[in-house]
Amino acid sequence: MKVLAGQTSRTWYHNYNIKLIYDLFTNIQSEIGVLLQKDDSKYLENRTVFYSGFSFNTMENEKLGQQYFLAGGYQTISPSPLPLNIVASEIEQPVIYVAQTFVLKTIPDIEITETVTFIQDLDTDKSYQATFNVSAQFAFTDKLSGLISYKLTYDKEPIVPQLAPFVENMNTAITFGVNVSL
């Protein structure tokens, strides 16, 4: 995803979440996963969060549903080359990972999803990342759908603390896309 940072610079942001979800009961699932992030605007070469937790899911209704997720984990942060000869080493720390998702199926073939995630660093209790995402997905066919999404990410402190004077705490993105179901 290309993100406009300030008035003149373009950066790349990559976010991958690989997870395994297992139903324990009708509304309770266990989840283990890896969250991978790369963000050139924050001089973040790699952020890897390994986590394990549980979710409570009330998505049984055809029109609406809600899910709550709580996990503990461990993150590793590797900075990319920093400006002005600033030196920062790799950071490793435990984290708490919390998420809430709300889904509303309004008109046939249109689904609106709102998600809030929160990752708290447990070493300093000062640093956290909060993300708010709202998206609309509309089906063209059974296997093809369009997507529009608005995402706001707030970092209380930069992921690499030495970069506080150089990075923005809040970033936003609007995404357009196509989903293909196989």
Side-chain angles (χ1 to χ4, degrees), residues 1-21 31-53 55 67 69 71-84 86-101 103 111 113-123 127-137 144-182:
M1 172 170 53
K2 284 190 176 181
V3 178
L4 183 63
Q7 295 295 319
T8 57
S9 63
R10 289 193 180 266
T11 62
W12 286 96
Y13 172 78
H14 303 273
N15 189 37
Y16 305 98
N17 189 246
I18 304 152
K19 52 187 160 182
L20 175 65
I21 300 171
E31 179 177 324
I32 60 171
V34 179
L35 176 64
L36 305 166
Q37 295 177 330
K38 176 182 171 67
D39 188 346
D40 291 345
S41 70
K42 297 178 183 178
Y43 297 94
L44 179 63
E45 179 63 31
N46 186 21
R47 177 184 194 187
T48 306
V49 181
F50 297 96
Y51 64 88
S52 178
S55 60
Q67 180 180 33
F69 176 69
Y74 197 77
Q75 75 178 355
T76 303
I77 298 169
S78 302
S80 60
L82 303 176
L84 304 172
I86 296 173
V87 177
S89 59
E90 190 172 274
I91 300 166
E92 296 182 0
Q93 57 201 177
V95 294
I96 294 272
Y97 183 11
V98 178
Q100 174 271 325
T101 302
V103 177
E111 181 176 294
T113 304
E114 167 270 332
T115 303
V116 175
T117 60
F118 183 80
I119 300 175
Q120 171 73 54
D121 154 8
L122 294 178
D123 277 354
S127 182
Y128 64 82
Q129 181 182 71
T131 304
F132 170 76
N133 189 49
V134 64
S135 63
Q137 184 170 307
L144 186 68
S145 60
L147 174 75
I148 183 170
S149 173
Y150 172 78
K151 182 177 183 178
L152 182 136
T153 302
Y154 177 80
D155 290 295
K156 183 174 184 286
E157 293 181 1
I159 293 172
V160 179
Q162 293 89 332
L163 296 175
F166 304 101
V167 298
E168 296 289 327
N169 287 9
M170 186 166 35
N171 287 324
T172 59
I174 297 175
T175 305
F176 301 93
V178 175
N179 287 337
V180 179
S181 300
L182 302 175

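In this chain, residues are counted from 1 in sequence order. Only this structure's heavy atoms are used, side chains among them; waters, hydrogens and symmetry mates stay out.
Residues satisfying the salt bridge (Lys or Arg N to Asp or Glu O under 4.0 Å) criterion with E45, sequence neighbours excluded, are K38. Shown here are the side chain to side chain donor-acceptor pair (under 3.5 Å) partners of N133, two or more places apart in sequence or in another chain: S149. For Q137, the side chain to side chain donor-acceptor pair (under 3.5 Å) partners at least two apart in sequence or on another chain are S145, N179. In terms of the side chain to side chain donor-acceptor pair (under 3.5 Å) criterion, residue partners of T48 (sequence neighbours excluded) are, by chain and number, N46. For Q67, the side chain to side chain donor-acceptor pair (under 3.5 Å) partners two or more places apart in sequence, or in a different chain, are S55. The ring-ring contact (aromatic ring centres under 6.0 Å, His included) search around F118 returns Y128, not counting sequence neighbours.
Atom CG of L44 is separated from atom CD1 of I77 by 7.0 Å, given to the nearest 0.5 angstrom. Atom-to-atom distance recorded for T131:OG1 and Y154:OH is 12.5 Å, nearest 0.5 angstrom. Distance check, rounded to the nearest 0.5 Å: CE of M170 to CG of D155 gives 11.0 Å. Distance check, rounded to the nearest 0.5 Å: NE2 of H14 to CG of L36 gives 12.0 Å. The line from CZ of F50 to CG of L35 is 10.5 Å long, rounded to the nearest 0.5 Å. For the atom pair F132 CZ and Q100 CD, the distance stands at 9.5 Å (nearest 0.5 Å).
At a threshold of 4.5 Å between non-hydrogen side-chain atoms, the residues R47 and I119 count as touching. Side-chain atoms of N15 and K151, non-hydrogen and from C-beta on, do get closer than 4.5 Å to each other. For the pair V98 and Q120, the minimum side-chain heavy-atom distance is 4.5 Å or more. The side-chain heavy atoms of Y97 and F69, taken from C-beta on, include a pair separated by under 4.5 Å. Residues D121 and I91 have side chains not in contact (no heavy-atom distance under 4.5 Å, counting atoms from C-beta outward).
No side-chain donor from either of Q75 and Y51 sits under 3.5 Å from a side-chain acceptor of the other.
Scanning all heavy atoms of the two residues, the minimum distance from P79 to S89 falls at CD-O, 4.0 Å.
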